[in-house]
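All values reported here derive from a predicted model rather than from experimental measurement. Throughout, residue positions are numbered sequentially from 1 according to the sequence presented. Scope of the values below: all heavy atoms of this structure, side chains included, with no hydrogens, waters or symmetry mates.
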Amino acid sequence: MGAKYYFYTDPALLTAQTGTDAFGPAASADGNDLFRVTDTHRTSADAPVFAVCDGLLCAQRDDQNTLTLILKPAAQPPFDFPTISYVLYKGVDPASLLDGNGNIDTQQTGNPLIDAIKAAWQLPANANGTATPDSKCLGLHLNPVDYTQTDNPARFADTEPLDQLFYNGDPLIQLPLVHGGWKLARFAAGAACGMEIIVERIGYRSSLALARTAVNILTVTSLDSATIYAPNDAAAFAHWNAKEACLNFVDPCALWGSFFAANLRVWNGTDFVKASGDTIYTTVLRGAAQGATHFANRNRAYIDIRNEHGRSINYYKTDGPNIQLTLDPSAGIDTCEVNYYASGWPCFWVDTTSLPAGATGTQINARFALPKTTNTRPLIYVSVGYRGAFRTLKERQRFLDLARRRDSSYLFETSITLPLADDNGVARLLAGYNRLHQFKRLAIVDGQPVPPADPACLAPLRATALECLLPLLTPDDLPVTEAPVILKTYDDLHYVEPGASDGDGFVASPAVAADNINVVLALVPRAHNTPAAALRPTPVKVAWPSLVLPGGEDNVFAYLSKLLPTPLNLVEVADPETSGDQIELLYAGSTAGIYQDFVRNNPSAVSINLSRMEIADLHAIVASGDSAIGTPMLSLSLMDTYRDDVTSYVGFALSVNLLAGMQTVARLVQPSQIRVYRHEVF
């Protein structure tokens, strides 16, 4: 049984939403391209604010004298969806929680949140006296001005991550745990209110500033529309790199629409009732009244296509901005080329205007063909979406290994299935979210990988499967140092190539575990690309998006080992040449020759253990050259093999692949002074 989710207010009280208030690209202004991440609404009367699911709650004041409630979910939606990191309720009326003195308004009735705070404040007996619980119970004092403790109030500055509130907050205050469906507060009639959904993405820190601004809009300096930019132009690349920030958010309308194949609990004025299918459309997205328009994006189905490193499909400017896509079952796919970036952002969708004339039924296929790319074997993976039926895809159904068309720049076509809603007898596309990944596997000829035809292209060159394994996070991207070990598994996906030609590659999510000293970077398996005739491996459990573990790296290794279907081995070998920095490797599978170019064995996990100081040193190496653009990637390269009187060794160098440049962007590899060794008996 999946987690229970609740619509966040009374849908009958929502008024018509204008397109300018909806999530998505907005008109350019003052030399900037704009993208609205706050989905703003208004209500016809005072409206309840409901917890969408179980989770921890914190509050912050915004720049319009209203409150932002920050919900950190303890449960994810009961279907494939990007992992939700935070739900931000915008425009909450302070008077629905606080009295005139800024304390919790204990006189209010029918509010489970206030009741829970009162109960916690009064226990154990007399611990807090008889005083009214103040706003600290909601974390409203967690800002540099009001937090008067002497242990670093600057950690609550606008630029700091939202994680600080939940993992590094006030040690004397426990933020309240709320349950899905609880009434938390209210939206005032006619006032702007709404929601933001922040999703997990490695290398992105959702800042506290998001909770202190009533409406959040991404701004990126516009490019000159009269200039034709080269693919490696630094200004153009930096522009599009900045726009990738929109991928850190998901349209709330797409979340609600995705419940068509599940159950969303919706308030009907007196109680919560289950809604699914067309009812989601008619009561929540459109509204029950004829011609109602609760959500401007109610007919928008997002098709989010990522490259091998979690960026948008043409991030490296090597494949071109176009894909082939149509909803018309009779159209020739070669006549259906569309610009994936036509919105001006790496955000693509289809809507009801894309439906063929006379469309009927409950579903329609979105037929598409992706670029075949140069000297690679693309593999498409469906992480969010449906194919044929509205059931969770099995592991094998997610892999789409398509042949390259001889006389085309595209692969052969395939499809995903989108739901249709019945709008008073007219078929409408139902709002939702789909995510595809195009992994570029190494092209092997005569046992050797073939590099891209254009050595100046921006896509990282990969000679072995151990290159560009994991992103090099900045020290600021790591979990907070004052907290216990935080294990965070991200929603990004990577493909780890098989070592042997008949082996299985696997899709993995990057994970980071850190304490004050150690940092473990890992790829945690999510799905195995097992041939249909082969035995499926044991399903892999996935780490929770954020998990607090006891201190010490051994606890991290022990926890990761429970996720894997094969035994886990930790290699920890003293460097025989120097007494310098050392790195440990964590891997699963056979111990024989696993890191000799990945050719003799098939790993089922990869991990690198560094210290925070070593990560800082690697960034110092990167910073010593040209200005870096985007996120550097870590690689392992086989350096040498030798033996001493007792043991044989395989030596590796840890290097960083990055994009850098001033006027133009170039691909660089910065080798570090850190070397990795493991035992190997020949």
Side-chain angles (χ1 to χ4, degrees), residues 24-25 251 253-254 257-258 260-261 278 281 297-307 312-314 318-374 377-391 393 397-438:
D251 189 344
C253 183
S258 296
F260 77 95
D278 287 341
Y281 187 81
N297 293 344
R298 63 193 177 279
N299 304 127
R300 179 180 292 184
Y302 294 91
I303 302 178
D304 184 357
I305 308 177
R306 304 292 180 92
N307 72 2
S312 63
I313 184 171
N314 193 42
T318 56
D319 306 326
N322 296 330
I323 63 172
Q324 293 179 333
L325 185 141
T326 181
L327 303 187
D328 188 341
S330 61
I333 195 69
D334 285 329
T335 66
C336 301
E337 192 171 67
V338 295
N339 184 346
Y340 182 85
Y341 298 86
S343 70
W345 292 78
C347 180
F348 179 80
W349 66 84
V350 291
D351 55 27
T352 295
T353 62
S354 304
L355 290 175
T360 59
T362 60
Q363 65 184 54
I364 194 166
N365 285 335
R367 302 164 50 213
F368 65 91
L370 300 186
K372 64 184 182 183
T373 69
T374 303
R377 299 176 299 125
L379 177 68
I380 300 170
Y381 181 80
V382 182
S383 64
V384 180
Y386 300 98
R387 304 195 67 231
F390 297 126
R391 295 189 294 268
L393 294 177
Q397 294 172 314
R398 297 182 183 275
F399 291 94
L400 309 177
D401 197 348
L402 303 170
R404 302 159 62 93
R405 277 189 275 167
R406 181 185 298 273
D407 298 321
S408 172
S409 58
Y410 293 95
L411 304 172
F412 279 95
E413 71 169 88
T414 186
S415 65
I416 57 174
T417 304
L418 307 177
L420 298 178
D422 184 349
D423 184 6
N424 294 312
V426 179
R428 308 286 190 193
L429 205 59
L430 185 60
Y433 178 89
N434 306 268
R435 180 182 290 176
L436 310 172
H437 307 258
Q438 177 156 268

**Request:** Rounded to the nearest 0.5 Å, what's the gap from CG on L370 to CD on E413? Could you check?
**Result:** 11.5 Å
**Prompt:** Hey, mind stepping through W349 and S343 against side-chain contact (heavy atoms from CB on, under 4.5 Å) and telling me if it holds?
**Reply:** CA-CA 9 Å; W349 66 84; S343 70; 3.9 Å; yes
**Message:** Suppose we screen for side chain to side chain contact (heavy atoms under 4.5 Å, CB included). Which residues come up paired with N297, at least two apart in sequence or across chains?
**Reply:** A22, F23, D251, C253, R300, Y302
**Asked** Any idea which heavy atoms bring T417 and G388 closest together, and the distance?
**Response** OG1-N, 2.7 Å
**Asked** Just by distance, do the side chain of K372 and the backbone of P378 share a donor-acceptor pair under 3.5 Å?
**Response** no
**Item:** Listed partners of Y281 passing ring pair (Phe, Tyr, Trp, His ring centres under 6.0 Å), at least two apart
**Value:** none
**Item:** D278 (side chain) donor-acceptor with A421 (main chain) under 3.5 angstrom
**Value:** no
**Fill in**
The reported gap from CG in N322 to CD1 in I313 (rounded to nearest 0.5 angstrom) is 10.5 Å
**Prompt:** Among side-chain atoms of T326 and D328, is any donor-acceptor pair under 3.5 angstrom?
**Reply:** no
**Asked** Does the side chain of I380 come within less than 4.5 Å of F368's, by heavy atoms?
**Response** yes
**Prompt:** Can you find a side-chain donor-acceptor pair between T414 and R367 that sits under 3.5 Å?
**Reply:** no
**Message:** Is any side-chain heavy atom of T352 closer than 4.5 Å to one of V426?
**Reply:** no
**Request:** Check whether any side-chain heavy atom of D334 sits under 4.5 Å from a side-chain heavy atom of R405, and report yes or no.
**Result:** yes
**Request:** Start with the C-alpha gap between L429 and L355, add the side-chain angles, then the distance that decides, and say whether side-chain contact (heavy atoms from CB on, under 4.5 Å) holds.
**Result:** CA-CA 8 Å; L429 205 59; L355 290 175; 4.2 Å; yes
**Request:** Please lay out, stage by stage, how Q363 and F390 fare under the test side-chain contact (heavy atoms from CB on, under 4.5 Å).
**Result:** CA-CA 9 Å; Q363 65 184 54; F390 297 126; 3.6 Å; yes
**Asked** Is there a donor-acceptor contact under 3.5 Å linking the side chains of E337 and Y410?
**Response** yes
**Message:** Any non-hydrogen side-chain atom of L436 less than 4.5 Å from a side-chain atom of I303?
**Reply:** yes
**Request:** Start with the C-alpha distance between D423 and N299, add both sets of side-chain angles, then the distance that settles side-chain contact (heavy atoms from CB on, under 4.5 Å), and finish with yes or no.
**Result:** CA-CA 11 Å; D423 184 6; N299 304 127; over 6 Å; no
**Request:** Please list, chain by chain and in numerical order, all residues satisfying side chain to side chain donor-acceptor pair (under 3.5 Å) with N307, sequence neighbours excluded.
**Result:** none
**Asked** Looking at side-chain heavy atoms only, is the closest gap between T360 and L420 below 4.5 Å?
**Response** no
**Prompt:** Side-chain donor-acceptor pair under 3.5 Å between T373 and D319, yes or no?
**Reply:** no
**Request:** Before giving the answer on salt bridge (charged side-chain N to carboxylate O under 4.0 Å, His left out), spell out for D304 and R306 the whole-Å C-alpha distance, their side-chain angles and the decisive distance to 0.1 Å.
**Result:** CA-CA 7 Å; D304 184 357; R306 304 292 180 92; 2.8 Å; yes
**Request:** With the side chain counted from C-beta on, respond yes when P371 and S409 share a heavy-atom pair under 4.5 Å apart, and no when they do not.
**Result:** no
**Item:** side chain to side chain contact (heavy atoms under 4.5 Å, CB included) involving R398 - partner list, sequence neighbours excluded
**Value:** D80, Y381, T392, L393
**Fill in**
Sequence neighbours excluded, the answer for ring pair (Phe, Tyr, Trp, His ring centres under 6.0 Å) partners of Y340 is F348
**Fill in**
To the nearest 0.5 Å, atom CG of L379 lies from atom CG of L411 at 10.0 Å
**Request:** May I ask you to decide if G332's main-chain N or O and T335's side chain share a donor-acceptor pair within less than 3.5 Å?
**Result:** yes
**Item:** Which atom of G385 lies closest to which atom of N434, heavy atoms considered
**Value:** CA-OD1, 3.6 Å
**Beyond-backbone contact of Q397 with V382, side-chain heavy atoms, under 4.5 angstrom** = no
**Prompt:** Side-chain contact, heavy-atom cut-off 4.5 Å: V350 with L325?
**Reply:** yes
**Request:** Report the residues that fulfil side chain to side chain donor-acceptor pair (under 3.5 Å) with Y341, sequence neighbours left out, ordered by chain and then residue number.
**Result:** S312
**Over 12 non-hydrogen atoms of neighbours within 6.0 angstrom of CZ in R404** = yes
**Asked** Atom CD1 of I323 and atom CD of Q438: how far apart are they, to the nearest 0.5 Å?
**Response** 10.0 Å
